[in-house]
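Please read the structure below before turning to the comments.
Below, read A as the first sequence line, B as the second, and so on, with proteins coming before strands; counting in each chain starts at 1. Source: prediction; values computed, not measured.
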Amino acid sequence: MASNIRVRFAPSPTGKLHIGGARTALFNWAYARRHGGAFLLRIEDTDPERSTKEYELAILDGLRWLGIHWDEGPDVGGPHAPYHQSQRIARHREMAARLLSEGRAYHCFCSRERLEELNKQQEARKEKSAYDGRCRPLAPAEAAARVEAGEPNTLRFAVPQGTTRFHDLIRGEMSFDNREVEDWVMVRSDGSPTYNFVVVCDDIDMRISHVFRGEEHLVNTPKQVLLYRSFSAPTPEFGHLPLMLGTDRKKLSKRTGDTALQDYREKGFPREAVVNFLCLQGWALNGTQEIFSVEELVAHFDIKDVTKGGAIFDMEKFLWMSGEYIRRDSVEHVAEMCAPFVEAAGLASESELQTRRAWYHALVAGSKERIRTYSELPGQIAYLFASDEKLVYEETAERNARKHAGRVETLRAFLEWLRPRIADGVDVAALREGVKLFQTERGLKTPELLQPLRCALSGMAGGPDTLEVLAWLGPQRSLRRLELALERLS
RNA sequence: GGCGCCAUCGUCUAGCCAGGCCUAGGACACCAGGUUUUCAUCCUGGCGACUGGGGUUCAAAUCCCCAUGGCGUCACCA
């Protein structure tokens with residue numbers, strides 16, 4: 001059954017994909033999927049000063065990483081191409097001319113100086129700053145003559161009297177007095193059309209049925225609704241998503257943390273966790289289930305269930321969720337995802353990890369529940385790659401070891417006991433049995449042996465099973481580290 | 001300042017539209033126990049909220065009004 005539902009995500013390639021933009025894209029996409037509609041991508045590259053191809057590519061890349069697929073867009077094309085706003089300029093001009101000829105827009109010859117002056121005066125009188133409509137009464141013929149004569153001008157939309165109402169699927173009935181909407185500029189003096197104008201032109205031409213975007217656009221909506229009516233085009237349904245807030249309770253900005261999706265990708269957050277967490281900012285599956293898949297999202301998502309209030313981005317919960325995904329994932333996959341971080345940390349090259357695949361996987365299996373992002377793995381396993389001589393003892397690890405007065409004697413005895421038992425390799429299970437006997441024979445409590453041993457082998461206060469660590473290190477290096485510890489812990 | 005939006009634990013939220021099932025549920029964080037050689041995981045328990053005031057009603061977190069607070073926005077950016 002074909003659906004008439006068509007939604008879009010229309011980023012401006014003037015920066016990296018913002019985390020809030022990513023959520024907007026996700027919600028649009030999920031809505032389309034849920035209701036059998038189409039999701040399209042349009043690049044709003046009409047600001048040549050700030051738009052770059054690099055950002056555009058990065059945004060597409062980010063969306064793909066999230067698993068978002070678009071039915072129509074700049075790279076895949078579609079029936080309403082082109083999907084770069086800058087390439088639709090001829091159509092924009094045509095539509096602007098239409099409004100002008102119908103008397104719904106007019107030429108304005110006010111200079112920037114006058115507008116600035118006007119603004120200053122309004123501010124001084126504590127009035128709202130808005131264009132005063134001076135050029136609106138100009139006769140069309142006179143205006144046309146002045147344009148013909150080369151006088152600089154902009155094209156302004158002639159806002160009618162009355163009240164503009166529209167329905168918002170998240171917030172209900174919205175109402176704005178048109179006196180609050182100024183005669184805004186549709187086309188700049190250089191001939192380029194402005195955002196509020198082109199966004200409507202394109203949405204009409206692309207048959208967009210639902211517009212879901214950030215709440216900061218709410219106040220633009222009356223301007224746009226008026227435009228739809230001027231074009232006698234059906235007004236789409238709107239849905240203004242709550243803002244994502246920083247810890248300062250203000251619109252998420254770089255001041256309070258990373259705002260680019262890419263930053264979280266580079267920090268090693270699993271993409272499923274990113275998707276899951278982003279959805280939880282302003283939407284809930286049912287109020288009790290926090291972890292859910294995109295399939296569940298698509299099966300249950302409805303714009304009506306989106307929250308109205310802004311959501312503070314809680315990094316602690318995000319990290320928890322990230323760790324949750326890593327714990328639930330397979331060792332193989334986590335190992336693969338962590339590999340680039342292990343390499344970047346200078347611990348081992350990709351080929352070295354390939355060569356020692358089973359060994360590397362064992363490390364990951366032992367560390368999986370101790371990391372929250374892929375980037376945390378190197379810190380957990382660095383001691384295995386350190387030189388025996390330069391192994392760093394963490395303060396707590398050394399303190400724990402030194403708590404035991406007989407540590408050096410214990411380690412010396414253990415070293416001699418151990419040497420023959422691992423000459424042919426380490427058998428953890430057999431060793432574990434042996435260690436129990438070693439302890440009882442000497443009347444040692446477990447920590448008395450294992451805390452100094454752990455410090456000697458890894459220099460870490462925590463971590464996986466000490467005998468596992470011994471196995472990973474191998475006989476030679478384990479013995480070497482024990483010998484060194486005899487000195488270092490005395 | 002004008003206009004607009006919003007308002008449940010510290011945070012994300014369920015409940016609100018269709019008022020009683022709410023002595024307000026879940027999650028993160030925090031605290032206390034348990035498991036573990038340690039850390040982490042895991043398990044158990046605890047702490048903790050309906051912004052205030054009016055109204056409607058037999059009954060309000062839920063509906064209405066006001067106040068307060070927070071945020072957004074006021075460009076020839078998008």
Side-chain angles (χ1 to χ4, degrees), chain A residues 10-15 44-47 49-51 85 108 110 112 115 119 122-123 125-130 152-156 168 170-172 174-177 179-182 184-190 192-196 198-199 214-222 240 242-243 245 247 249-251 277 280-291 304-305 307-321 323-324 327 366-372 380 396-397 400 435 439 445-451 453-455 458 460-467:
Chain A
S12 171
T14 53
E44 308 221 320
D45 55 348
T46 45
D47 182 347
E49 297 288 304
R50 299 192 297 145
S51 297
Q85 198 160 58
C108 170
C110 294
R112 285 179 197 258
L115 295 177
N119 201 295
Q122 287 168 337
E123 201 150 307
R125 276 178 276 152
K126 288 196 183 289
E127 287 173 9
K128 60 172 191 267
S129 114
N153 69 89
T154 60
L155 199 61
R156 286 184 184 271
D168 187 292
I170 297 171
R171 286 153 216 283
M174 294 295 127
S175 165
F176 289 81
D177 188 323
R179 278 174 297 200
E180 297 300 328
V181 187
E182 66 171 332
W184 50 282
V185 172
M186 278 169 41
V187 181
R188 299 183 188 94
S189 48
D190 68 356
S192 65
T194 62
Y195 165 75
N196 281 120
V198 291
V199 74
E215 194 192 326
E216 69 265 30
H217 287 286
L218 193 55
V219 291
N220 281 327
T221 312
H240 288 93
L243 258 20
L245 277 22
T247 44
R249 304 189 154 274
K250 292 195 166 59
K251 202 161 79 164
F277 184 73
L280 235 30
Q281 298 277 295
W283 186 77
L285 221 206
N286 52 31
T288 56
Q289 188 185 339
E290 308 281 327
I291 306 282
K304 294 179 188 65
D305 300 327
T307 300
K308 295 190 191 75
I312 295 172
F313 191 88
D314 183 359
M315 186 53 74
E316 277 304 321
K317 186 162 183 176
F318 191 17
L319 281 166
W320 161 77
M321 182 167 282
E324 196 66 18
R327 265 171 255 129
S367 304
K368 212 158 73 80
E369 70 254 24
R370 265 170 276 264
I371 60 175
R372 298 181 298 178
Q380 287 289 321
T396 337
N400 287 343
V435 166
Q439 281 178 228
K445 286 182 180 145
T446 306
E448 285 182 287
L449 169 63
L450 287 170
Q451 287 190 323
L453 181 58
R454 171 178 297 283
C455 178
S458 73
M460 306 260 284
D465 178 86
T466 308
L467 297 180

field: Euclidean distance for P, B/G33 against B/C21 (whole angstrom)
entry: 37 Å
message: If we count only N and O atoms by modelled type, under 3.5 Å, do the side chains of A/Glu123 and A/Ser129 hold a donor and an acceptor together?
response: no
- request: Classify the nucleic acid contact of A/Thr46 as base, sugar-phosphate or nothing, counting any heavy atom under 4.0 Å across all strands shown.
  value: sugar-phosphate
query: Does A/Pro152 offer a backbone N or O that forms a donor-acceptor pair with the side chain of A/Ser189 under 3.5 Å?
result: no
message: For the backbone of A/Gln85 and the side chain of A/Asp45, can you confirm whether one donor and one acceptor N or O come within less than 3.5 Å of each other?
response: yes
query: Taking 4.0 angstrom as the limit, do A/Arg372 and A/Glu324 come out as a salt bridge?
result: no
task: Just call it for A/Ser129: base, sugar-phosphate, or nothing, with non-hydrogen atoms closer than 4.0 Å on any strand.
output: sugar-phosphate
Spacing between A/Met174 atom CE and B/C3 atom P, to the nearest angstrom: 16 Å
- prompt: Between A/Glu290 and A/Lys317, is the closest basic N to carboxylate O distance under 4.0 Å?
  reply: yes
message: Return the pairing partner of B/U23 with a 3.5 Å limit on both distances, Watson-Crick or G-U wobble; otherwise return none.
response: none
message: How many whole angstroms separate atom NZ of A/Lys250 from atom C1' of B/G69?
response: 13 Å
task: Round to a whole Å and report the spacing from CZ of A/Phe318 to P of B/C28.
output: 16 Å
field: Identity of whatever pairs with B/A59 - Watson-Crick or G-U, under 3.5 angstrom
entry: none
task: Report the nucleotide, chosen from B/U73, B/C28, B/U38, that has the shortest atom-to-atom distance to any side-chain atom of A/Glu316.
output: B/C28
- prompt: What does A/Cys110 touch in the nucleic acid at a heavy-atom separation under 4.0 angstrom: a base, only the sugar-phosphate, or nothing?
  reply: base
query: Would you call A/His217 stacked on B/G72, i.e. ring centres under 5.5 Å apart with the planes less than 30° off parallel?
result: no
- request: Please check the phosphate of B/C39 (OP1 and OP2 only) for any side-chain N or O of A/Thr396 closer than 4.0 Å.
  value: no
query: Distance between the C1' atoms of B/C17 and B/A60, in whole angstroms?
result: 15 Å
task: Take the protein atom OH of A/Tyr195 and the nucleotide atom P of B/U73, then report the distance between them rounded to whole Å.
output: 13 Å
- prompt: With sugar-phosphate meaning primed atoms plus P, OP1 and OP2, does A/Met321 contact a base, only sugar-phosphate, or nothing at under 4.0 Å between heavy atoms?
  reply: nothing
- request: Answer yes or no: does a side-chain N or O of A/Lys128 lie under 4.0 Å from OP1 or OP2 of B/C3?
  value: no
query: What integer number of Å spans the C1' atoms of B/G19 and B/U56?
result: 11 Å
query: Of A/Ile170 and A/Leu467, whose nearest nucleotide on RNA chain B comes first from the 5' end?
result: A/Ile170
- request: Between B/U62 and B/G15, how far apart are the C1' atoms? Round to whole Å, please.
  value: 8 Å
- prompt: Base, sugar-phosphate, or nothing for A/Lys368, non-hydrogen atoms under 4.0 angstrom?
  reply: nothing
Filtered N/O pairs between nucleotides 7-14 of chain B and protein, under 3.5 Å:
{"from": "B/U11", "atom 1": "OP1", "to": "A/Arg249", "atom 2": "NH2", "distance (Å)": "2.4"}
{"from": "B/C12", "atom 1": "OP1", "to": "A/Ile312", "atom 2": "N", "distance (Å)": "3.0"}
{"from": "B/C12", "atom 1": "O2'", "to": "A/Leu280", "atom 2": "O", "distance (Å)": "2.9"}
{"from": "B/C12", "atom 1": "O2", "to": "A/Lys317", "atom 2": "NZ", "distance (Å)": "3.2"}
{"from": "B/U13", "atom 1": "OP1", "to": "A/Gly282", "atom 2": "N", "distance (Å)": "2.7"}

message: In whole Å, measure the gap between the C1' atoms of B/C16 and B/A24 for me.
response: 12 Å
Interatomic distance where CH2 belongs to A/Trp320 and C1' belongs to B/A40 [whole Å]: 16 Å
task: Scan side-chain atoms only and decide if A/Thr288 and A/Asn286 contain a donor-acceptor pair under the 3.5 Å cut-off.
output: yes
- prompt: Is there a Watson-Crick or G-U wobble partner for B/U35 with both distances under 3.5 Å, and which nucleotide is it?
  reply: none
statement: Hits for side-chain contact (heavy atoms from CB on, under 4.5 Å) against A/Pro464, two or more places apart or cross-chain, chain-then-number order -> A/Arg370, A/Trp472
Base-pairing assignment for B/C74 (Watson-Crick or G-U wobble, both under 3.5 Å): B/G1
field: A/Thr307 side chain to A/Gly309 backbone, donor-acceptor under 3.5 Å
entry: no
statement: Rounded to whole Å, the NE2-P distance (A/His240 to B/C5) equals 12 Å
query: Can you tell me the Watson-Crick or wobble partner of B/C30, both distances under 3.5 angstrom?
result: B/G46
task: For A/Pro222, enumerate each residue passing the side-chain contact (heavy atoms from CB on, under 4.5 Å) test, keeping only those at least two apart in sequence or located in another chain.
output: A/Thr164, A/Phe166, A/Phe176, A/Val181
message: With a 3.5 Å distance limit and no angle check, can you tell me whether A/Gln451 reaches the backbone of A/Glu448 through a side-chain donor-acceptor pair?
response: no
- request: Could you measure between the two C1' atoms, the one in B/U51 and the one in B/A61, and give it in whole Å?
  value: 12 Å
- prompt: Less than 3.5 Å between a donor and an acceptor, one on the side chain of A/Arg171 and one on the base of B/C5, is that the case here?
  reply: no
field: Whole-Å distance separating the NZ atom of A/Lys445 from the C1' atom of B/U38
entry: 17 Å
- prompt: With both distances under 3.5 angstrom, what nucleotide forms a Watson-Crick or G-U wobble pair with B/G52?
  reply: B/C66
- request: Any chance you could measure A/Trp283, atom CH2, to A/Lys304, atom NZ, to the nearest 0.5 Å?
  value: 13.5 Å
- prompt: Which value, in whole Å, describes the distance between the P atoms of nucleotides B/C6 and B/A14?
  reply: 15 Å
- prompt: At under 4.0 Å between heavy atoms, what does A/Lys304 touch on the DNA or RNA strands: base, sugar-phosphate, or nothing?
  reply: nothing
field: Value in whole Å for how far the P atom of B/G4 lies from CG of A/Leu243
entry: 18 Å
- prompt: When the C1' atoms of B/G20 and B/U57 are considered, how many whole Å apart are they?
  reply: 12 Å
task: Report yes if at least one side-chain N or O of A/Thr194 is closer than 4.0 Å to OP1 or OP2 of B/A78; otherwise report no.
output: no
message: Could you identify the nucleotide paired to B/A14, looking across every strand shown and requiring Watson-Crick or G-U wobble geometry with both distances under 3.5 Å?
response: none
- prompt: Which listed nucleotide (B/G72, B/A78, B/C76) is nearest to the side chain of A/Val219?
  reply: B/G72
Residue whose nearest RNA chain B nucleotide is more 5′ - A/Glu369 or A/Ser12: A/Glu369
- request: Answer with base, sugar-phosphate or nothing: what part of the nucleic acid does A/Arg327 contact at a heavy-atom distance below 4.0 Å?
  value: sugar-phosphate
